[in-house]
Amino acid sequence: MAALKYELIKKCKQTGARLGVVHTPHGSFETPVFMPVGTQATVKGMTPDELKEIDAKIILSNTYHLYMRPGNELVREAGGLHSFMHWDRPILTDSGGFQVFSLSDLRNITEEGVTFKSHIDGSKHVFTPELVMKIQNDLGSDIIMSFDECIPYPADHDYAKKSLERTTRWAKRCKEAHKNTEKQALFGIVQGSVYKDLREQSARELVELDFPGYSIGGLSVGEPAEDMYKMLECTVPLLPEDRPRYLMGVGSPDYLIEGAIRGIDMFDCVLPTRIGRNGTVMTSRGRIIARDAKYARDFSPLDPECDCYACRNYTRAYIRHLLKAQEVLGIRLTTWHNLKFLLDLMKKVRQAIMDDRLGDFRNEFFAAYGYKL
RNA sequence: GGAGGGGUUCCCGAGCGGCCAAAGGGGGCAGACUGUAAAUCUGUUAUCUGACGAUUUCGAUGGUUCGAAUCCAUCCCCCUCCA
């Protein structure tokens with residue numbers, strides 16, 4: 001039996017967006033889904049029970065970080081990542097491909113793989129597709145990513161092409177190295193920067209390799225939103241209908257809705273947790289910087305339309321006070337709220353697909369949030 | 001009573017004749033953050049002006065000097081030690 005099954009429930013008549021269910025060894029989740037990021041085997045500031053309370057169905061963790069610390073062998077000894085971190089629902093692990101991008105001054109890329117200098121102690125490590133598979137097999141996540149190169153924006157066509165072709169070769173090596181196919185589903189990652197022909201080439205090459213799901217990477221790295229949407233429009237139609245499509249690293253409300261409209265099923269992003277820790281919250285009426293002085297005497301909740309733990313029990317004035325005083329509860333509450341906000345947003349997106357009105361929902365949401373239509 | 005040290009912009013604290021509206025912290029204010037090297041980073045913080053620039057600041061008052069937070073005099077506070 002395969003580790004992953006995608007079930008298409010229905011398509012929105014208004015937009016073509018997909019409502020589906022993904023089945024994994026640790027349970028199922030409805031799509032489109034937002035996955036909170038827990039890089040170091042923890043969603044910063046949240047316990048697994050709290051994540052369940054806000055109805056998170058699947059979370060993300062990271063190959064590079066867990067390999068560096070505490071080490072994949074240790075996680076395996078602990079009984080795998082689920083057991084180690086006390087999370088029994090699905091987990092997706094990223095391959096370290098994003099660290100190829102974000103730790104660019106600490107690494108060197110060759111055909112064989114990527115040599116990293118550890119950001120922790122400077123020690124040298126070589127990541128190959130085979131090692132990345134071994135690490136993720138040790139971690140035991142339900143959905144694993146092939147090792148890719150996430151290139152910066154802007155990138156010239158020539159480099160983007162060479163890079164995507166190497167990413168395809170690495171994907172092939174990943175597929176050959178990955179033996180635990182009944183417990184862990186391996187996704188290939190589409191690259192190609194903002195070039196239509198390259199995105200199409202990448203998608204075709206990966207589909208040829210037949211993965212149980214497909215990721216779209218290398219977007220939301222600084223390119224204009226319009227470019228990202230165009231890339232989705234030319235990529236998604238080339239991906240098989242019976243497999244989930246995962247847009248990596250995307251998490252602002254507009255991107256989530258626009259992504260769903262273009263046929264994306266899965267999203268992850270550090271945005272809600274990071275901006276929460278830095279004092280910004282997303283509300284039904286747009287973003288607010290909760291630290292700002294104008295909320296010092298605002299005794300209303302962060303978002304009057306939200307029923308999360310923070311909004312049920314605390315005021316903007318109190319949360320602002322906690323943030324200013326650098327109390328951990330402050331960033332816990334903003335994190336909690338932001339995650340609940342996005343998880344609720346995706347619930348509404350799924351309902352709108354069910355009701356064939358995602359286009360209307362988009363317009364209503366954009367107007368309330370303050371986005372341009 | 002004697003000997004010494006000190007009072008700097010919201011706070012702490014550097015500066016010790018011009019390059020000083022005054023380093024550096026802190027605090028305040030504002031902004032950014034999108035497969036997490038992030039509870040981080042950036043900007044700003046005398047007044048007036050869009051800007052050039054102008055004006056008032058370094059305990060107080062007077063003075064020396066082309067020019068003073070910086071030198072001198074007097075005064076007012078604070079701290080340490082001795083009696």
Side-chain angles (χ1 to χ4, degrees), chain A residues 34-46 58-66 68-69 91-107 116-122 132 136 141 143-153 167 187 189-191 214-225 228 245-256 258-259 264 266-282 287-296 319-320 322-335 338 342:
Chain A
F34 177 77
M35 307 181 280
V37 178
T39 302
Q40 312 218 55
T42 170
V43 175
K44 294 184 193 298
M46 299 287 286
I58 169 171
I59 62 171
L60 193 106
S61 198
N62 188 280
T63 297
Y64 169 86
H65 290 277
L66 295 179
M68 289 295 178
R69 181 170 57 194
I91 299 176
L92 182 153
T93 44
D94 184 28
S95 60
F98 183 74
Q99 279 63 45
V100 175
F101 162 77
S102 67
L103 302 178
S104 59
D105 50 333
L106 294 174
R107 55 60 171 168
F116 280 106
K117 274 175 90 173
S118 160
H119 70 281
I120 300 163
D121 62 7
V132 164
Q136 292 186 97
S141 37
I143 302 174
I144 66 178
M145 293 299 116
S146 53
F147 192 45
D148 67 326
E149 181 190 4
C150 179
I151 63 172
Y153 174 85
T167 288
F187 283 25
I189 303 178
V190 177
Q191 289 290 346
Y214 294 89
S215 306
I216 299 173
L219 291 174
S220 196
V221 289
E223 79 285 358
M228 182 176 86
R245 302 105 178 223
Y246 160 34
L247 176 56
M248 309 182 81
V250 156
S252 57
D254 53 344
Y255 282 13
L256 292 175
E258 297 289 1
I264 299 298
M266 302 166 63
F267 304 86
D268 80 284
C269 198
V270 305
L271 195 69
T273 46
R274 179 180 288 170
I275 69 175
R277 290 194 307 282
N278 294 336
T280 296
V281 297
M282 295 181 266
R287 273 167 66 144
I288 67 169
I289 300 179
R291 283 192 325 261
D292 282 2
K294 58 185 159 193
Y295 305 117
I319 291 170
R320 172 182 133 92
L322 294 178
L323 292 170
K324 300 295 284 183
Q326 300 194 68
E327 284 291 338
V328 286
L329 183 58
I331 61 176
R332 264 174 48 69
L333 293 176
T334 51
T335 298
N338 280 343
L342 289 189

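Lettering follows sequence order; numbering is per chain, from 1. For the numbers below, each heavy atom of this structure counts, side chains included, while hydrogens, waters and symmetry mates do not.
Under the 4.5 Å side-chain criterion, counting only non-hydrogen atoms from C-beta, A/Q99 is in contact with A/D94. In this structure, A/D148 and A/F98 have side chains that are not in contact, with every pair of non-hydrogen atoms separated by 4.5 Å or more. Side-chain atoms of A/Y64 and A/L103, non-hydrogen and from C-beta on, do get closer than 4.5 Å to each other. Residues A/E149 and A/Q191 fail the side-chain proximity criterion, which asks for heavy atoms closer than 4.5 Å.
Contacts of A/T335 with the nucleic acid, taken as non-hydrogen atoms under 4.0 Å apart, are absent. Residue A/R287 is classed as a base contact, given a heavy-atom separation below 4.0 Å to a base. Within 4.0 Å (heavy atoms only), A/I331 reaches at least one base atom of the nucleic acid. No contact: A/G279 has no heavy atom under 4.0 Å from any strand. Looking at heavy-atom distances under 4.0 Å, A/N278 makes contact with a base. Nucleic acid contact class of A/L323 (heavy atoms, under 4.0 Å, all strands): none. Using a 4.0 Å heavy-atom distance criterion, A/D292 is classed as a sugar-phosphate-only contact. Using a 4.0 Å heavy-atom criterion, one finds that A/D105 contacts the bases of the nucleic acid, with or without backbone contacts as well. Counting non-hydrogen atoms under 4.0 angstrom, A/R107 reaches nothing in the nucleic acid. If you check every strand for non-hydrogen atoms under 4.0 Å, A/Q191 touches a base. Using a 4.0 Å heavy-atom cutoff across all strands shown, A/Y255 reaches at least one base atom of the nucleic acid. Nucleic acid contact for A/T273: base, since at least one base atom lies under 4.0 Å from a heavy atom of the residue. Contacts of A/I189 with the nucleic acid, taken as non-hydrogen atoms under 4.0 Å apart, include base atoms.
If you take CD1 of A/I143 and P of B/G35, they are 18 Å apart, rounded to a whole angstrom. Per the geometry, NZ belonging to A/K44 stands 14 Å off P belonging to B/U34, to the nearest Å. Counting to the nearest Å, the C1' atom of B/U36 and the CE atom of A/M46 are 17 Å from each other. For the pair A/M228 CE and B/G35 P, the computed distance is 12 Å after rounding to whole Å. Protein atom NZ of A/K117 is 17 Å distant from nucleotide atom P of B/A37, rounded to whole Å. Taking atom CD on A/Q40 and atom C1' on B/A39, their separation rounds to 14 Å, with Å as the unit. Rounding to whole angstrom units, CG of residue A/L271 and C1' of B/C41 are separated by 15 Å. Regarding A/Y246, its OH atom lies at a distance of 15 Å from the P atom of B/U34, rounded to whole Å.
For the pair A/R291 (side chain) and A/N278 (backbone), a donor-acceptor distance under 3.5 Å is present. At least one donor-acceptor pair closer than 3.5 Å links the side chain of A/D268 to the backbone N or O of A/G249.
With both pairing distances under 3.5 Å, B/A51 is matched to nothing as a Watson-Crick or G-U wobble pair. The base-pairing partner of B/G43, taking Watson-Crick or G-U wobble contacts with both distances under 3.5 Å, is B/C29. In this entry B/G4 has B/C79 as its Watson-Crick or G-U wobble partner, both defining distances falling under 3.5 Å. B/C19: no Watson-Crick or G-U partner with both key distances under 3.5 Å is found in any strand. With a 3.5 Å ceiling on both atom-pair distances, B/U36 lacks any Watson-Crick or G-U wobble partner. Nucleotide B/U64 has no partner under the Watson-Crick or G-U criteria, as no pair reaches both atom distances under 3.5 Å.
Rounded to the nearest Å, the gap between the C1' atom of B/C33 and that of B/U40 is 9 Å. If you take atom P in B/U57 and the same atom in B/U9, they sit 14 Å apart, rounded to whole Å. Separation of the P atoms belonging to B/C11 and B/C81 is 27 Å when rounded to the nearest angstrom. Taking atom C1' on both B/A60 and B/C12, the two are 24 Å apart, rounded to the nearest angstrom. For B/U49 and B/U70, the P atoms lie 31 Å apart once the distance is rounded to whole Å. When the P atom is used for both B/U55 and B/G7, the distance is 29 Å, rounded to whole Å. When the P atom is compared between B/U65 and B/G2, the two are found 33 Å apart, to the nearest whole Å. Across B/C77 and B/G43, the matching C1' atoms stand 39 Å from one another, rounded to whole Å.
Between the base of B/A38 and the side chain of A/R274 there is a donor-acceptor pair shorter than 3.5 Å.
Within the structure, a side-chain polar atom (N or O) of A/S102 is placed less than 4.0 Å from OP1 or OP2 of B/A37. Contact between the side-chain N/O atoms of A/K324 and the OP1/OP2 oxygens of B/G27 is not found at any separation under 4.0 Å. Between A/Q99 and B/G35, a side-chain N or O to OP1/OP2 separation shorter than 4.0 Å is absent. For the OP1/OP2 pair of B/G35 and a distance below 4.0 Å, the side-chain nitrogens and oxygens of A/N62 include no atom meeting the criterion. A sub-4.0 Å separation between OP1 or OP2 of B/A30 and a side-chain N or O of A/R291 is absent. Within the structure, every side-chain polar atom (N or O) of A/S220 is placed at least 4.0 Å from both OP1 and OP2 of B/U34.
Ring orientation note: the planes of A/H65 and A/H119 are nearly perpendicular, at an angle over 60° on the 30°/60° scale.
With hydrogens and angles left out, the side-chain atoms of A/T93 and A/Q136 include a donor and acceptor closer than 3.5 Å.
Taking only side-chain atoms of A/I289, from C-beta outward, the nucleotide of B/G31, B/G35, B/C29 with the closest atom is B/G31. Of the candidate nucleotides B/C33, B/U36, B/A38, B/C33 has the atom lying nearest to any side-chain atom of A/I275.
Shown here for A/M228 and A/V250, the closest heavy-atom pair between the two residues is SD-CG2, 4.0 Å.
Comparing A/V328 and A/S146 against RNA chain B, the residue whose closest nucleotide sits nearer the 5' end is A/S146. Map A/D254 and A/E327 each onto its nearest nucleotide of RNA chain B; the residue landing nearer the 5' end is A/D254.
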